[in-house]
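Notes follow once the structure below has been shown.
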Amino acid sequence: MKGLRWRYTRLPSQVEDALSVEKGEEEEEEEEEEEKTAPAPTSVSAPAPEDPVEPQLAETSQLSLHLPPRVTGHLWSLAFQTSRDGFSLRSLYRQMEGHSGPVLLVLKDQDGQMFGAFSSSAIRLSKGFYGTGETFLFSFAPQLKVFKWTGSNSFFVKGDLDSLMMGSGSGQFGLWLDEDLYHGGSHPCATFNNEVLARQEQFCIKELEAWILS
């Protein structure tokens, strides 16, 4: 007959019980001290938006003298830039959505010539010409030349899907840009009695910026 096998389990003594209780209390106190001394978590805040700045392509210290009084002293925000938003007239229209105020267009062509236009209203798609007599064209060649409204017609700005036109007369446009914002042209027109803004009547756009009031 096989003998029975017994398993013995040793029970903790009262001294061991007391030591285990004290050890548990010490661990709890250490955890509380760590929580007290631990640095408070810092919240990660979103980066602050960039402050509005002045247009970079144009010498605005000169150009600002010719802006309408209602915009003098205001800061400008860059709403569209070809190097950032792509060479697309439709992209320019999209960036202008929700804006009704004036726009400063600044261009640089393949020859490094800078010129552009101030529009009294946002650049948008339109069935006909729009804008006011505050609209003007300008060129740095190399000195600033500003061509303001002559009063002969009201062909200020017209936005199509395939082109943007500013100033007109006798079938010519003071400034026009194609749908890719790559090719453009400038001719004398009755609206502004302007000179050719670039060195040539036809030009290629190297950079274009559209600035709006902040």
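Values reported hereafter were calculated over all heavy atoms of this structure, with side chains retained and with hydrogens, waters and symmetry mates removed. Nothing fancy with the numbering, it's 1 onward along the sequence.
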*Is it the case that one hydrophobic cluster holds both L208 and M96, taking links as side-chain heavy atoms less than 4.5 Å apart, direct or via other members?*
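In one cluster with L208: M96, yes.
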Flag side-chain contact, heavy atom, 4.5 Å: [X] against [Y]:
X    : Y    : answer
N194 : S186 : yes
L175 : F115 : yes
L63  : L104 : yes

Straight-line distance of [X] [atom1] to [Y] [atom2], nearest 0.5 Å:
X    : Y    : atom1 : atom2 : answer
Q202 : H183 : CD    : NE2   : 9.0 Å
Q200 : Q110 : CD    : CD    : 6.0 Å
T82  : D180 : OG1   : CG    : 12.0 Å

_Against W149, only a single residue in F155, F192, F156 fulfils ring pair (Phe, Tyr, Trp, His ring centres under 6.0 Å); can you say which?_
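Of the listed options, the one satisfying the test is F156.
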_Determine whether L107 and L177 satisfy the following criterion, side-chain contact (heavy atoms from CB on, under 4.5 Å), listing intermediate values before the conclusion._
CA-CA 11 Å; L107 296 87; L177 310 174; 3.6 Å; yes
May I ask you to decide if [Y]'s main-chain N or O and [X]'s side chain share a donor-acceptor pair within less than 3.5 Å?
X    : Y    : answer
S126 : G159 : yes
S119 : V103 : no
E209 : L78  : no

Check residues 132-141 and write down every donor-acceptor pair under 3.5 Å in which the side-chain atom is one partner and the other belongs to a residue at least two apart or another chain.
residue	atom	partner	partner atom	Å
T132	OG1	S120	OG	2.9
T132	OG1	E134	N	3.3
E134	OE1	R70	NE	3.0
E134	OE1	R70	NH2	2.8
E134	OE2	R70	NE	3.1
T135	OG1	S120	N	3.3
T135	OG1	S120	OG	3.4
T135	OG1	T132	O	3.1
S139	OG	Q113	NE2	3.2
S139	OG	L197	O	2.9

*With sequence neighbours excluded, give me every side-chain hydrogen bond (donor to acceptor under 3.5 Å, both in side chains) pair touching residues 159-170.*
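Found K158-D160.
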*Mark yes when over 12 heavy atoms from residues, nucleotides or ligands other than K206 sit less than 6.0 Å from its NZ; otherwise mark no.*
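Not more than 12 within 6.0 Å, no.
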_Over 12 non-hydrogen atoms of neighbours within 6.0 angstrom of OH in Y182_ =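 It does not: Y182 OH has 12 such atoms or fewer within range.
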*Pick out which of F173, Y93, W176 makes a side chain to side chain contact (heavy atoms under 4.5 Å, CB included) with L164.*
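The passing option is Y93.
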